[in-house]
Amino acid sequence: MLSVLGGAALGATERLQAAVVRKQQAHPYFPDSVLQDHSGKSVRFYTDLLKGKVVVINMMYTVCTRICPTNIARLREVQAQLGKRSGQDVHLYSLTLRPDIDSPEALAAYARQFDTAPGWSFLTGDPQEMDVIRRRLGFYDADPVADADIANHTGALRLGNVDRDRWLMMPNRTVATQVVKAIDNLM
């Protein structure tokens with residue numbers, strides 16, 4: 001009887017320790033939602049993509065014919081100027097606004113269309129989780145009617161140094177050299 005109770009106590013202790021570790025890994029503001037990148041790999045939003053990183057994030061969707069192609073082309077210029085820093089010192093993330101249609105395969109085709117290099121991930125996930133992430137990053141309109149119209153999405157970039165809790169938003173049409181300078185100022 002004693003060994004059974006001891007085992008049960010040990011199991012409870014291990015579960016408590018695992019919960020503490022999960023809480024330490026999580027961020028109080030950003031969710032740790034499971035997303036899929038354009039290669040089909042599952043990643044956690046905070047733990048894998050943000051924690052300890054300098055990031056450049058935009059919102060897009062693959063069938064957009066208005067602002068997204070221009071924004072992605074501009075980010076491609078930023079990535080080119082970052083050179084080897086892309087994926088090492090600075091991580092680029094494009095999050096879909098249309099997870100209902102943007103599968104990892106669709107995102108991979110889109111990334112190839114724009115000749116993106118390693119260090120830039122295109123991400124999709126559960127629609128509700130993607131919406132929470134979008135809002136937490138500040139990609140929303142305070143008017144719920146305008147916010148519900150996906151065609152009116154913003155052409156903005158969210159830049160952040162997660163460890164230093166330094167964040168800024170800038171228009172995606174900003175000249176690439178200015179975006180890189182803003183990234184450097186976050187570091």
Side-chain angles (χ1 to χ4, degrees), residues 26-38 43-51 53-79 90-111 113-114 116 120-183 185-186:
H27 190 275
Y29 184 73
F30 292 114
D32 209 20
S33 308
V34 175
L35 307 178
Q36 291 77 44
D37 71 12
H38 62 278
V43 293
R44 291 208 165 269
F45 182 67
Y46 176 72
T47 304
D48 298 328
L49 301 179
L50 297 184
K51 187 176 180 182
K53 295 183 171 79
V54 173
V55 298
V56 177
I57 303 171
N58 79 306
M59 301 297 300
M60 48 65 67
Y61 58 101
T62 60
V63 297
C64 174
T65 58
R66 295 172 67 196
I67 196 167
C68 292
T70 303
N71 289 347
I72 296 297
R74 179 61 46 93
L75 274 176
R76 183 60 187 102
E77 293 173 17
V78 169
Q79 186 182 40
V90 181
H91 302 269
L92 286 80
Y93 302 127
S94 290
L95 306 175
T96 183
L97 289 164
R98 296 289 312 269
D100 57 316
I101 62 169
D102 283 340
S103 65
E105 297 81 13
L107 292 171
Y110 196 71
Q113 177 184 341
F114 287 92
T116 62
W120 186 348
S121 296
F122 289 75
L123 299 142
T124 190
D126 175 81
Q128 291 178 341
E129 295 290 325
M130 295 300 290
D131 193 55
V132 168
I133 291 168
R134 173 180 72 90
R135 291 175 179 284
R136 293 285 171 94
L137 288 168
F139 292 109
Y140 67 92
D141 193 305
D143 175 0
V145 174
D147 190 58
D149 184 357
I150 208 78
N152 289 330
H153 62 285
T154 180
L157 296 174
R158 173 65 79 189
L159 283 65
N161 181 326
V162 181
D163 279 355
R164 297 175 95 191
D165 197 24
R166 297 182 69 195
W167 293 89
L168 64 96
M169 187 82 90
M170 62 191 321
N172 196 357
R173 294 181 186 232
T174 304
V175 177
T177 53
Q178 290 178 326
V179 175
V180 172
K181 184 176 179 178
I183 292 167
N185 287 337
L186 287 173

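These numbers come from the heavy atoms of this one structure, side chains and all, not from hydrogens, waters or symmetry mates.
With hydrogens and angles disregarded, no donor-acceptor distance shorter than 3.5 Å links the side chain of Asn71 to the backbone of Gly155. With hydrogens and angles disregarded, no donor-acceptor distance shorter than 3.5 Å links the side chain of Lys51 to the backbone of Val162. Without hydrogens or angle criteria, Asp141 side chain to Asp147 main chain gives no donor-acceptor distance under 3.5 Å. Arg158 places no side-chain N or O within 3.5 Å of a backbone atom of Ile57 that could act as its donor or acceptor partner. In this structure, the side chain of Asn161 engages the main chain of Leu186 through a donor-acceptor pair within 3.5 Å.
Residue pairs satisfying the ring-ring contact (aromatic ring centres under 6.0 Å, His included) criterion with at least one member in residues 60-79, sequence neighbours excluded, are listed as follows: Tyr61-His153.
Between Trp167 and Phe30, the ring-plane angle classifies as tilted under the 30° and 60° cut-offs.
Atom CZ of Arg66 has 12 or fewer neighbouring heavy atoms from other residues, nucleotides or ligands inside a 6.0 Å radius. Within 6.0 Å of the CZ atom in Arg166, the count of heavy atoms belonging to other residues, nucleotides or ligands exceeds 12.
Closest heavy-atom contact between Trp120 and Ile72: CH2-O, 3.5 Å. Of all heavy-atom pairs between Asp48 and Lys53, the closest is O-NZ, 2.8 Å. A pairwise comparison of heavy atoms in Ser94 and Asn58 identifies OG-OD1, 2.5 Å as the closest pair. Of all non-hydrogen atoms in Thr174 and Arg74, the two that sit nearest each other are O-NH1, 3.1 Å. Between Arg173 and Ile67, the closest heavy-atom pair is NH2-CG1, 4.1 Å.
With a 4.5 Å cut-off on side-chain heavy atoms, Met60 and Tyr110 count as touching. With contacts defined as side-chain heavy-atom distances shorter than 4.5 Å, the pair Leu35/Leu49 qualifies. Taking 4.5 Å as the limit, every side-chain heavy atom of Ser103 sits out of range of all side-chain heavy atoms of Thr124.
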Next on the checklist: Assess the residue pair Phe122 and Thr96 against the criterion (side-chain contact (heavy atoms from CB on, under 4.5 Å)); give the C-alpha distance rounded to whole Å, side-chain angles, the decisive distance to 0.1 Å, and a yes or no.
Outcome noted: CA-CA 7 Å; Phe122 289 75; Thr96 183; over 6 Å; no

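Stacking of Arg134 on the aromatic ring of Tyr140 is not recorded, the 6.0 Å distance cut-off and the 45° axial limit not both being met.
A donor-acceptor pair shorter than 3.5 Å can be found between the side chains of Asp102 and Thr62.
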